[in-house]
Amino acid sequence: MTDTRSTEYLHTGSIVVAVDGPAAAGKGTLARRLATTLNLVYLDTGSIYRAVAAKLLAAGGDPNDAETATEVARTLVSDDLGRDDLRAEGVGAAASIVSAHQDVRAALLDFQRAVAFDPPPGRAGAVLDGRDIGTVVCPEACAKLFVTASLEERARRRHEELLGRGEERIYARVLEDLKERDARDSARATAPMTAAADAVTLDTSDLDVETAFRKALDIVRTRCGVTAA
Ligand code: DC
């Protein structure tokens, strides 16, 4: 399928910040806080793929079935992003599978770009987090961060998060699941997870949340020319 990316936003003055990286690297926390601090809209693009997966699974569909997944992606509505099953582990794994289908990605591209480049009145732009924001969705973003952490540290954080939600899991299993997801997200043919050539990599393995945020904010302020916050 051809790239359906709209070019109508290329010359707007939106401040667009791309935050990419693997699962459980802390990019969501970071991106949300950057958006709040800089008065930008925040879009968790993973939740869009999760919504497709959740709807598909609820209807008894198979995430490997590209045609059905694409149909679900084309008929997705904003309310689907508020489903309460989006964070379930099974939905995350299925999201990783549906997101490898090229037509699913194409169906969701313009929505993501509209959020980035056509923010509501009073907002100067948006922060999007995902896997391909700096490379495919918003290559023209003024700041691109690739937020990562060691597999072991990400597994530790995800395990803690799951326990905190009352979901009993074995650490080793969480680590294996993350490893599998990393491999699928970075090896797929369409829009694989990768740092854009002009992205700044932020390894949060040994950083506390506050330090990681300060570093990210500095990068965004410098790159996007934002002075006040
Ligand atoms: O960030 P997350 O774990 O909620 O994302 C769930 C899955 O969605 C992830 O494994 C890969 C996919 N995804 C993607 O392919 N592209 C994005 N921009 C965001 C997520």
Side-chain angles (χ1 to χ4, degrees), residues 3-5 16-32 35 41-57 63-64 66 69-70 72-73 76 80-116 126-139 141 144-149 151 154-155 157-159 161-162 165 167 169 174-196 199 204:
D3 184 353
T4 59
R5 191 168 62 215
V16 176
V17 178
V19 181
D20 289 302
K27 60 187 188 307
T29 308
L30 205 62
R32 192 176 293 110
V41 172
Y42 168 59
L43 180 65
D44 164 10
T45 65
S47 70
I48 306 174
Y49 292 96
R50 283 172 181 266
V52 172
K55 274 190 102 169
L56 188 74
L57 292 176
N64 291 294
T70 304
V72 174
L76 207 68
D80 295 326
L81 302 186
R83 293 177 65 105
D84 55 17
D85 54 357
L86 296 190
R87 304 314 301 175
E89 279 296 276
V91 170
S96 172
I97 297 172
V98 299
S99 69
H101 304 311
Q102 190 176 0
D103 289 352
V104 167
R105 304 198 74 82
L108 303 173
L109 192 54
D110 278 349
F111 169 75
Q112 295 174 75
R113 285 184 60 78
V115 172
V127 182
L128 279 74
D129 77 32
R131 302 290 187 287
D132 63 336
I133 307 304
T135 50
V136 175
V137 178
C138 303
K144 299 178 186 178
L145 295 167
F146 191 81
V147 180
T148 189
L151 177 65
R154 288 186 289 122
R157 292 177 191 169
R158 176 56 54 89
H159 186 233
E161 181 195 326
L162 289 168
R165 288 209 308 252
E167 293 186 39
R169 287 292 155 80
V174 173
L175 187 138
E176 278 311 308
D177 286 351
L178 276 181
K179 204 196 254 182
E180 206 177 291
R181 193 119 81 85
D182 284 355
R184 203 184 299 117
D185 293 347
S186 20
R188 67 183 177 220
T190 310
M193 171 177 73
T194 181
T204 66

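One-based numbering, in listed order, for ligands and for the atoms of each.
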Checklist entry - Looking only at heavy atoms of R188, does any of them come nearer than 4.0 Å to an atom of ligand 1? => result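 A heavy atom of R188 does come that close to ligand 1.
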Checklist entry - With a 4.0 Å cut-off on heavy atoms, does R184 reach ligand 1? => result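 Judged by the 4.0 Å heavy-atom criterion, R184 does not count as contacting ligand 1.
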Item to check | side-chain contact (heavy atoms from CB on, under 4.5 Å) evaluation trace for R169 with R158 | outcome: CA-CA 10 Å; R169 287 292 155 80; R158 176 56 54 89; over 6 Å; no
What protein heavy atom is closest to [atom], reported as residue, atom name and distance in Å?
atom	result
atom 6 (C) of ligand 1	R181 NH1, 3.6 Å
atom 4 (O) of ligand 1	R50 NE, 2.6 Å
atom 19 (C) of ligand 1	T45 OG1, 3.4 Å
atom 7 (C) of ligand 1	A95 CB, 3.8 Å
atom 8 (O) of ligand 1	Y49 CB, 3.6 Å

Next on the checklist: Under a 3.5 Å distance rule, please check whether R50 uses its side chain to pair with a backbone N or O of L86 as donor and acceptor.
Outcome noted: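 Confirmed, R50 side chain pairs with L86 backbone.
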Checklist entry - Between the main-chain N or O of D44 and the side-chain N or O of D129, is there a donor-acceptor pair closer than 3.5 Å? => result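 No, the answer is negative, given that no donor and acceptor are paired below the 3.5 Å cut-off.
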Item to check | Contact (N/O only, under 3.5 Å) between S99 and ligand 1 | outcome: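 Between S99 and ligand 1, an N or O pair is found under 3.5 Å apart.
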Next on the checklist: Using a plain distance cutoff, I'd like to know if S47 has any nitrogen or oxygen under 3.5 Å from a nitrogen or oxygen of ligand 1.
Outcome noted: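 Between S47 and ligand 1, no N or O pair is found under 3.5 Å apart.
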Does the side chain of [X] come under 3.5 Å of the side chain of [Y] through a donor N or O and an acceptor N or O?
X	Y	value
R157	T204	yes
R105	T190	no
R154	T148	no

Item to check | Option whose closest heavy atom lies nearest to atom 5 (O) of ligand 1, chosen from E180, K27, R87, R131 | outcome: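 Comparing heavy atoms across E180, K27, R87, R131, the nearest one to atom 5 (O) of ligand 1 lies in R131.
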Item to check | Heavy-atom nearest option to atom 16 (N) of ligand 1, drawn from M193, R158, R105 | outcome: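 Answer by nearest heavy atom: R105.
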Residue [X] vicinity, atoms of ligand 1 by number, heavy atom under 4.0 Å:
X	value
G46	4 (O), 5 (O), 19 (C), 20 (C)
G130	17 (C), 18 (N), 19 (C)
D132	16 (N), 17 (C), 18 (N)

Checklist entry - How long is the span from the CG atom in D20 to the OG1 atom in T45, to the nearest 0.5 Å? => result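 Rounded to the nearest 0.5 Å, the CG-OG1 separation comes out at 7.5 Å.
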Next on the checklist: Determine whether V19 and L128 satisfy the following criterion, side-chain contact (heavy atoms from CB on, under 4.5 Å), listing intermediate values before the conclusion.
Outcome noted: CA-CA 6 Å; V19 181; L128 279 74; over 6 Å; no
Next on the checklist: Is there a side-chain contact between L56 and P63 in this structure, where contact means two heavy atoms from C-beta onward sitting under 4.5 Å apart?
Outcome noted: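 In contact.
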